[in-house]
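A short worksheet on the structure shown next.
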Amino acid sequence: MKLTKLTAVLIALSLSAGAMAAKHDVNIKFSKGISKKQRKFMDRDLEVLEKLEFFRDADQETLKVMGLQKLNSKTATTWLEQRVAFVIEETDWKKIEKKISIEEKFFSFENQNVEPTIERPTSAPTGEGVVVMSNLGAALYYAGKSSRSLFSYPIKTGLFKKEKVKFSSPRAGLIMIGEGHFMDRFDHDQDNKDAKANSFGRLSTFFHEARHSDGAGKNLGFFHAVCPDGHDFQGYNACDRNLNGPYAVGAQMTKEFLKNCDDCDDVVKEKMKVSYLASVDRIIIETKKPGSSDSFDVTTLEFSLEMKEMLLAFQSGAEKEAAMKEITELKAKILAISESEGTIEVTASQYIDASPEGERID
Amino acid sequence: MLLQKAKGLTKKTKITYLIIIMAITIIAVAFLFKAKLDETNTSSARAPINTEEAHHHHDHEEENHDHTINAAAAPAKTNIIRIGSQGVESEVEKWTLPVFKSYVNDTFKTLPNLKDARGLKDEEVHQNPKLVMDAGLRLGSIKKQIKLNSEFEEEGMKFYDKCALKKDGLTPVRALCLANLVYMKNQKGEDFELEKYPEKVKDLAQKALELSF
């Protein structure tokens with residue numbers, strides 16, 4: 001009996017020695033299924049964040065977007081911990097669905113009857129790209145809320161350790177990482193894989209995804225908006241119709257990392273700058289909508305637009321592509337006429353309340 | 001001595017000691033192995049960067065281009081340069097004007113356009129796509145060379161102007177080009193008309209100018 005106990009203690013000791021290998025204290029748990037290589041990079045990134053000296057004052061805009069009083073390694077890691085609890089490996093949706101359990105039926109969700117704003121992409125070619133990172137927690141919380149059931153998902157975090165994440169809030173904080181997150185081609189510094197700048201790139205993505213753990217009611221999950229006509233990614237669900245969404249968070253963090261990276265050379269800095277600008281460009285500052293108009297031109301164009309949009313469902317390939325181009329042109333014409341008539345409605349985007357609904361339960 | 005002591009112990013205690021010794025040995029070996037592995041990784045990361053491997057992909061991408069492009073690809077193979085407070089750390093990094101011109105022309109030709117962007121899969125667009133990052137890398141190399149060689153400034157500014165005006169170019173790339181151009185013109189104290197650039201490019205360039213140059 002004594003012998004068995006001693007052996008168990010020894011095994012536990014050797015296991016905890018392995019677990020202590022991470023050189024940071026950030027309280028985010030990792031699935032055992034994540035490859036050692038990916039885990040090493042994630043630990044390194046969190047270590048970089050935890051030890052980063054934010055020696056330059058943060059922009060007021062960063063503080064406003066993040067909802068922080070000040071930005072330092074402590075507040076930044078806490079911000080992340082509040083929104084990310086678990087990180088799992090890339091998993092097929094079918095497998096995820098199979099592993100989901102219903103913890104409680106008719107669970108009482110906050111804002112039960114309020115649907116979040118989810119915009120449908122109009123022109124993005126769907127298909128499998130490489131997975132970088134995605135916030136499963138927010139999606140599964142929403143799925144559970146829609147079916148009035150409290151979902152849970154099991155995660156193996158150790159050799160003999162299994163934990164369960166319950167989606168009682170978008171703050172459940174389940175993030176899935178994919179191969180794309182670690183690809184050389186996305187590195188800011190391609191000459192040194194371990195460069196801080198590469199951690200900064202991955203951390204900005206991490207902060208972006210973490211923002212999806214926020215929001216309530218119609219702003220639940222800070223889901224993305226469809227990029228407007230004329231935007232580089234028009235029609236894709238890859239923009240934000242608010243000033244403090246995931247793209248703003250990612251952009252501001254990239255900016256802060258750039259400000260605090262004295263050992264980044266010009267090539268690296270230029271890449272970080274383009275990355276910052278590419279995120280800023282996804283923030284829709286204002287939304288223009290044609291107001292009601294009695295103009296014959298507008299009425300005719302609107303009728304034509306409606307017809308083309310209806311037919312879109314039955315089209316494919318080049319025919320669909322041509323139709324979508326015509327739709328974009330028609331919308332632009334209607335907007336232009338409304339603008340000249342002075343009937344256009346312009347809505348400025350706002351900083352929205354990021355407080356989440358529900359609470360994380362262990 | 002140990003043997004004498006061992007003689008007085010029960011079989012159970014002996015096995016316990018044996019397990020303890022074995023476990024300590026395994027842990028010690030594992031730690032030593034890990035330390036050795038870390039040392040190897042660190043030293044390779046800190047070694048002078050002769051990045052054949054890092055640029056392998058880059059070379060591959062350009063092998064089908066004409067001779068001008070191949071000539072331009074060559075300087076990208078050089079070691080990374082650090083411009084510290086003491087100035088340039090490696091003079092070897094400097095390119096010649098023809099090489100710079102060739103690289104700049106090649107860069108302009110390979111800048112991503114709207115057609116490329118709008119053909120991407122939705123998942124590829126969620127984070128910054130590779131084509132944007134690649135453009136950033138090339139703009140970085142150009143900026144580095146301009147900093148190293150003041151005689152490249154004119155050629156560099158011409159490139160930035162063309163890039164910022166590229167109608168089918170991506171807005172963040174055009175904006176960064178415009179920001180570099182504005183910065184250089186300001187440094188030289190030259191007057192500069194901004195009217196010919198689209199509003200969205202100017203707005204984003206303004207954001208870029210808030211960053212250090």
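The structure displayed is predicted, hence computed values, not measured ones. Sequence lines set the chain letters: A, B, ... in the order given, protein chains first and strands last, and positions in each chain run from 1. Values below: all heavy atoms of this structure, side chains included; hydrogens, waters and symmetry mates excluded.
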Checking heavy-atom separations under 4.5 Å from chain A, one finds in residues 174-187 of chain B B:A175, B:L176, B:N180
Taking A:K259, A:M133, A:E209 one by one, which has the highest count of heavy-atom pairs under 4.5 Å against chain B? A:E209
Evaluate the side-chain proximity of A:V132 to B:H126: yes if any heavy-atom separation is below 4.5 Å, no if none is. no
Over all heavy atoms of both residues, which pair between A:A238 and B:V125 is shortest? Give the atoms and the distance, please. CB-CG1, 3.6 Å
Counting neighbours of NZ on B:K115 that are heavy atoms of other residues, nucleotides or ligands and sit closer than 6.0 Å, is the number greater than 12? no
Can you confirm whether B:P172 sits close enough to A:D232 that some side-chain heavy atom of one is under 4.5 Å from a side-chain heavy atom of the other? yes
If you tally heavy-atom pairs under 4.5 Å between each of A:D262, A:I285, A:T205, A:D59 and chain B, the highest tally belongs to A:T205
In terms of heavy-atom pairs under 4.5 Å with chain B, which of A:H208, A:K193, A:K269 leads? A:H208
Can you find a pair of side-chain heavy atoms, one from B:N128 and one from A:R282, that are under 4.5 Å apart? yes
Check whether A:S279 gets within reach of chain B through its side chain, its backbone, both or neither, counting any heavy atom under 4.5 Å. both
Under 4.5 Å heavy-atom distance to chain B, tell me which part of A:E61 shows up: side chain, backbone, both or neither. neither
Check: B:K121 main-chain N/O paired with A:Y236 side-chain donor or acceptor under 3.5 Å: no
Region of A:D184 that comes under 4.5 Å of a non-hydrogen atom in chain B: neither
Counting only non-hydrogen atoms closer than 4.5 Å, does B:L139 touch chain A with its backbone (N, CA, C, O), its side chain (CB onward), both, or neither? both
Using a strict cut-off of less than 4.0 Å between a Lys/Arg side-chain nitrogen and an Asp/Glu carboxylate oxygen, indicate whether B:K144 and A:E270 qualify as a salt bridge. no
Work out which heavy atom in A:K271 is nearest to a heavy atom in B:L137; give both atom names and the distance. CG-N, 3.5 Å
Contact winner vs chain A - B:D203, B:L170, B:L114, heavy-atom pairs under 4.5 Å: B:L170
Please determine which of B:Q145, B:K143, B:K147 meets the side chain to side chain donor-acceptor pair (under 3.5 Å) test together with A:D266. B:K147
Are more than 12 heavy atoms, taken from residues, nucleotides or ligands other than B:K101, located less than 6.0 Å from that residue's NZ atom? no
Cut-off 4.5 Å, heavy atoms of chain B, and the answer for A:H231 is backbone
Any side-chain heavy-atom pair from A:S275 and B:M133 closer than 4.5 angstrom? yes
Which atom of A:Y276 lies closest to which atom of B:E210, heavy atoms considered: OH-OE1, 4.3 Å
Closest non-hydrogen atom pair between A:A278 and B:V132, with its separation: CB-CG1, 4.2 Å
Evaluate whether atom CD of B:Q206 has more than 12 neighbouring non-hydrogen atoms of other residues, nucleotides or ligands under 6.0 angstrom away. no
In short, B:A117 meets A:F233 closest at the heavy-atom pair CB-CE2, 3.6 Å
Within-4.5 Å side-chain heavy-atom neighbours: A:N237 and B:D122: no
Are A:H181 and B:Q127 side-chain neighbours, meaning at least one heavy-atom pair lies under 4.5 Å? no
Check this for me: A:Q60, atom CD, are more than 12 non-hydrogen atoms of other residues, nucleotides or ligands nearer than 6.0 Å? no
Is atom NZ of A:K255 surrounded by more than 12 heavy atoms (other residues, nucleotides or ligands) closer than 6.0 Å? yes
Part of B:K207 lying under 4.5 Å from any heavy atom of chain A: both
